[in-house]
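Both backbone and side-chain heavy atoms feed into the values below; hydrogens, waters and symmetry mates do not. Below, chains carry the letters A, B, ... as their sequence lines are ordered, and counting in each starts from 1. In this text, all values refer to a predicted model and were calculated from it rather than measured experimentally.
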Amino acid sequence: MSLGRIPRWAWALVVVGLWVVVWALTKGTDTLALPGREHTDLHNELTGWRNDLIAGRDDNALMQFTGQIADAALKSVDWLQRMLSRPNYPRPVPEIGWLGLLGIIMWISHAVAGWKYAVLNGAIMFIAAVMGLWADTVDTLIVTLLAVICAVIIGMPIAVLIGTSDWANRIIGIVLDLMQTMPTFVYLIPVVLFFGTGAPAAIVATLIYALPPLIRVAGFGIRQVSPTAIEATDSMGQRAWQRLFKVQLPMARRTIIVGLNQTTLAALAMAVIASYVNGPGLGRPVVDALEIADVGRGLVPGAMLVLLAIMLDRTTTAASERSELLARSGGGNRRHRWGSLAVGLVAVGVMIQMSRVYSWAATYPSTGWSSDLADGINKVASWVFSTFGDLTGAFKDLVTYGLLNPMQSVLAESPWFVSGAAILLLALVVGGFRTTATTATVTAWTVLCLTGIWYLDLWHDAMISLNMVLVATLLTMILAVIFGVWMARRPRVDLMIRPLLDMGQTIPPFVYLVPVFYLFDQTRFTAIFAAIVYAAPVAIKLVADGVRGVPETTLEAGRSAGSTAWQEITKVQLPMASRSLVLAANQGLLYVLSMVVIGGMVGAGALGYDVVLGFSRFEEWGKGLAGGLSIVLLGIMLDRIFRAAAVTGSSTPVRRRTRRPARAEEESNDRVEPLAVTG
Amino acid sequence: MTTSDAEILVNQSSPGPDASGAAALSVRGLWKIFGPRADRIIGTPDADLSRADLKEKTGCVVGVKDVSFDVSPGEVFVVMGLSGSGKSTLVRCLTRLIEPTAGEVELGGMDVTSANAAGLRDLRRNQVSMVFQHFGLLPHRQVIDNIAYGLEIRGVGKKERRAKAAEVVDLVGLTGYGSSYPDQLSGGMQQRVGLARALAGDPSMMLFDEPFSALDPLIRRDMQNEVIRLQAELKKTMVFITHDLQEALKLGDRILIMRDGEIVQIGTPDEVVGAPADDYVRDFTSDVPRSHVLTLKWVMRDPRPGDSSEGPVMTSDTIVRAAAQAALASDHPVRVIDDGKLVGIVDDDAILRVVVAEESA
Ligand SMILES: Nc1ncnc2c1ncn2[C@@H]1O[C@H](COP(=O)(O)OP(=O)(O)O)[C@@H](O)[C@H]1O
Ligand SMILES: [Mg+2]
């Protein structure tokens, strides 16, 4: 096509220019705005449908089934709580007090990961006790543990299916993609409908969120198992189950454990969100603090969550390495090991008994340290606020007035058909027009999603949310390019920044929402800033890895031709890393999307607000569902456009692979699937 | 080649297709075509197309094309061809690791192609074992448990299978390495494990798919000698895949040469070198030191009335190189006598032609 001559960005400018002109002439008409608490017929119908469903739950097999599951979940959580964290009436304390559980946790850590981890985990749990967060911490562990157990029970068979059947791999892959583009909050709406609120809903929501990493990573690991080993053992006449349990699973063991580790961390990351459906745990104090903008009281339990993440992450990793080591050494001094474990067991027994007898060992005496710490943090926060408030305020205003508001008025104040048409055109410019196939795909997906959003009667809100997503993604990408290139060009910088990024990724998103909220108040900017903080680590890493992947020889060729550093970056490194850039934008976008919903609760409004209201007030349920679906549609649309852009963006055509099961070995390395985890 | 290699060649008898007993392996009209609806191609004119043309026309790739041969008990049968000629596919079709598209395979009297899952499993467990180019060991198991794997899946108890595996460990020269893990061993040692694993079930037939191609030349030679030693000791029937003619000549009682999935020639080593079926085989064999392979049969001429009757006497299957010294030392031409009957005369220059030709090559 003749489009090839003119660069894509020029076309984009043309479209935007036209759009602005039309907007100037028509603004404010046909925007389909729907004020705060108003509903349309569709929303009322949805609410009515839900009410009918709940009213008729005794005759509905599905509702009965989910009700039974919820019951079972509730009973298990309740039992565990009475054992470990909450008073077991008539006892004023749980059956096993903090000292006993501390002993149990240390003993398990020692058994699976070694004494260092017993010390680390003991210290972390002790902090929980001292800080007066014991009950909430244990509740979080209970919910996380139950969700992870369910994830393994459900996830492993699916992973095996993925790992052993091409057909299943393709189908399930599509479902997982969809699950991972869906912001967590959106799950909550149907979850609340089918599982009620409280611990069962928390476990189910956590489970849904935590399941994909395990399925993906474990399935990938099973697929990766050397085909020669499978063929060789097949040639000896093994049965299918022998192949699975003696060859495939053991050989994929390490990858499966990586998946388990990711799933555990994902489950923990849901802790705060789960408290929005009244789930027990550390999320509650975080959310409570968020509501009254108390940085200190939000950060203390938030930090506890981070400590728990560190504990679970390190311990599972160490446990997998250690079990390998033990297997290898043939359990050298097995007697010594069992001996020390037995002694430990006796000590744990004593600790449990003490925690049942002495009240100081049952509940840790209140110290007030938590409160002191929170006040201290608040002092620092207010100092920061008074010192840098002007600066952050200026930055906020710059983004708000310079970017957010103008874009929002064009997007949301244009008539809906104008915005819709402009979005479609931009989608085509970004993702389509290279081949008829991509043009058709992009058109189909965009039209489908926009129609859906229009049908759901939340067009105006959707445009506002879309605007926030775009602005946050843009800013994220600017950060990603700057830091990514810097890291790729300076190994020392990489060494310094990467651990920070890793840490940023283990912190549950809500935790840093607290200080951001304090700094920027209830505005759209808070959500955008939090979204950037949340999305930047992934995007930066992807860009850094992509830029570093540019072959040294290419760079040398450029240097020998006398190119400057700037030329090298802009003319060689970035263009050659364009695939990674697009991938980073895509991943960043999904992260941002999920955070923008969360931002709905801190003043960002729009779709996020609709959703939050939907699962907290039953008369708003229908609108909330519509809001959730609109978010999903936005996500799918943006994801598809970016995927198309990723294909057209790469200069080398993607080579088609023919599947050759017996000799796929050489190809396996370059097929690492992206492991998207979005909040 | 060293002298010891030459001796091995000289000492080899070549049984050829054993007319007396039943074949250990019999392959009839075997086809494998990769691709959708491959079974519809056989029997149509498309089946006669060349591999490239067929791929162009139908998208299917011919792996094995109408292959038939017999292997007699105790024979070492080598399949040779360039990479991509279909050797691996052929050998996998024998135990249906790859499902053949058409044809019959009979193994130890059992019809493999029509066997059900249980029969096939039984065949793989008890009768045939295989050694692979990339070893295919289980990295999470000790050497001894790798070797015992075949016994384990048959349900043999742990003590018994470990005892059996320990015997095989010694047999293949892995003594002392039983409790190592595969990644702690060198490539050559790993392939010894592969060999031991194949031997542990005491199969009557062993299949080798380029087992030594991934090894260094020196280690490769050790391993080849190992196979020759084991063969002398255990008398297994072997189908041995290689792309290395030296290896084929050294190990094979007979050699099957493949190209594009088809048989080009089947013959004993000296037949393949002495009478290549076409340019493809000639090309293959042009670098071979012919005096190491050719027997007097290939250089003798018919007796003529005036021939001297005082030259040394040899049989027609004597290797040229082994005959050379005695023949050249004598003033008279060699008389080739089989079963008391004079079948030919070998002049000095006939021998020189073979030896000199290869030195100037
Ligand atoms: N699973 C498969 N699907 C399609 N083509 C295959 C497959 N396996 C092998 N082939 C093709 O069959 C031919 C023979 O391969 P192979 O038996 O591996 O040859 P060799 O072992 O002699 O190198 C090759 O052209 C190869 O590309
Ligand atoms: Mg091969």
Side-chain angles (χ1 to χ4, degrees), chain A residues 163 166-167 218 221-222 224-258 320-334 656-669, chain B residues 34-35 59 61 63 84 88-89 91-92 94-98 117-142 145-155 179-184 193-194 197-198 200-201 203 206-207 209 211 214:
Chain A
D166 284 344
W167 175 85
I222 296 171
Q224 286 284 81
V225 168
S226 145
T228 323
I230 292 180
E231 192 175 42
T233 46
D234 273 349
S235 82
M236 289 186 267
Q238 64 188 346
R239 290 170 184 276
W241 67 264
Q242 289 171 323
R243 181 192 315 139
L244 181 63
F245 286 101
K246 290 173 190 279
V247 181
Q248 289 172 311
L249 289 181
M251 283 180 79
R253 193 174 139 270
R254 211 187 271 248
T255 324
I256 293 174
I257 289 180
V258 171
S320 82
E321 279 163 12
R322 193 170 123 114
S323 68
E324 206 139 301
L325 217 66
L326 280 179
R328 286 248 149 171
S329 65
N333 42 10
R334 196 174 287 174
R656 232 200 225 169
R657 290 169 198 287
T658 44
R659 244 170 229 293
R660 294 179 47 197
R663 263 151 295 233
E665 223 166 22
E666 323 85 61
E667 308 188 339
S668 55
N669 285 338
Chain B
F34 294 104
V61 179
S88 296
T89 309
V91 76
R92 280 167 178 74
L94 300 183
T95 56
R96 283 171 55 193
L97 283 174
I98 291 179
L120 198 58
R121 207 156 48 225
D122 188 62
L123 174 91
R124 290 179 185 174
R125 287 181 177 188
N126 301 313
Q127 289 199 49
V128 191
S129 66
M130 190 158 168
V131 181
F132 295 81
Q133 179 177 4
H134 296 295
F135 320 141
L137 302 178
L138 301 177
H140 56 284
R141 286 169 169 251
Q142 294 175 6
D145 291 322
N146 260 291
I147 296 173
Y149 188 78
L151 299 167
E152 181 178 334
I153 57 178
R154 281 189 219 174
S179 55
S180 306
Y181 282 83
D183 59 7
Q184 296 166 331
V193 180
R197 180 174 64 180
M206 295 176 77
L207 311 177
D209 186 10

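The greatest number of non-hydrogen atom pairs below 4.5 Å with chain A, out of L207(B), L97(B), T95(B), is found for L97(B). Counting heavy-atom pairs under 4.5 Å between each of R197(B), M130(B), R154(B) and chain A puts R197(B) at the top.
Contact annotation for L137(B): only backbone heavy atoms (N, CA, C, O) come within less than 4.5 Å of a heavy atom of chain A. Residue contact with chain A, scored on non-hydrogen atoms closer than 4.5 Å, is absent for Q133(B).
A distance-only check finds no donor-acceptor pair linking the side chain of H140(B) to the backbone of A252(A) [under 3.5 Å].
Atom CZ in F132(B) sits 4.5 Å away from atom CD in E231(A) (nearest 0.5 Å). Note that the CE atom of M251(A) and the CG atom of L138(B) stand 6.0 Å from one another [nearest 0.5 Å].
For R96(B), the side chain to side chain contact (heavy atoms under 4.5 Å, CB included) partners two or more places apart in sequence, or in a different chain, are E99(B), P100(B), V112(B), A115(B), L120(B), R124(B). When the salt bridge (Lys or Arg N to Asp or Glu O under 4.0 Å) test is applied to R243(A), the partners found at least two apart in sequence or on another chain are D234(A).
For the residue pair A232(A) and G136(B), the shortest heavy atom distance occurs at CB-O, 3.7 Å. The two atoms that bring R125(B) and M236(A) nearest to each other are CG-O, 3.2 Å, heavy atoms only.
A side chain to side chain donor-acceptor pair (under 3.5 Å) with E152(B) holds for exactly one of Q242(A), K246(A), Q238(A); it is K246(A).
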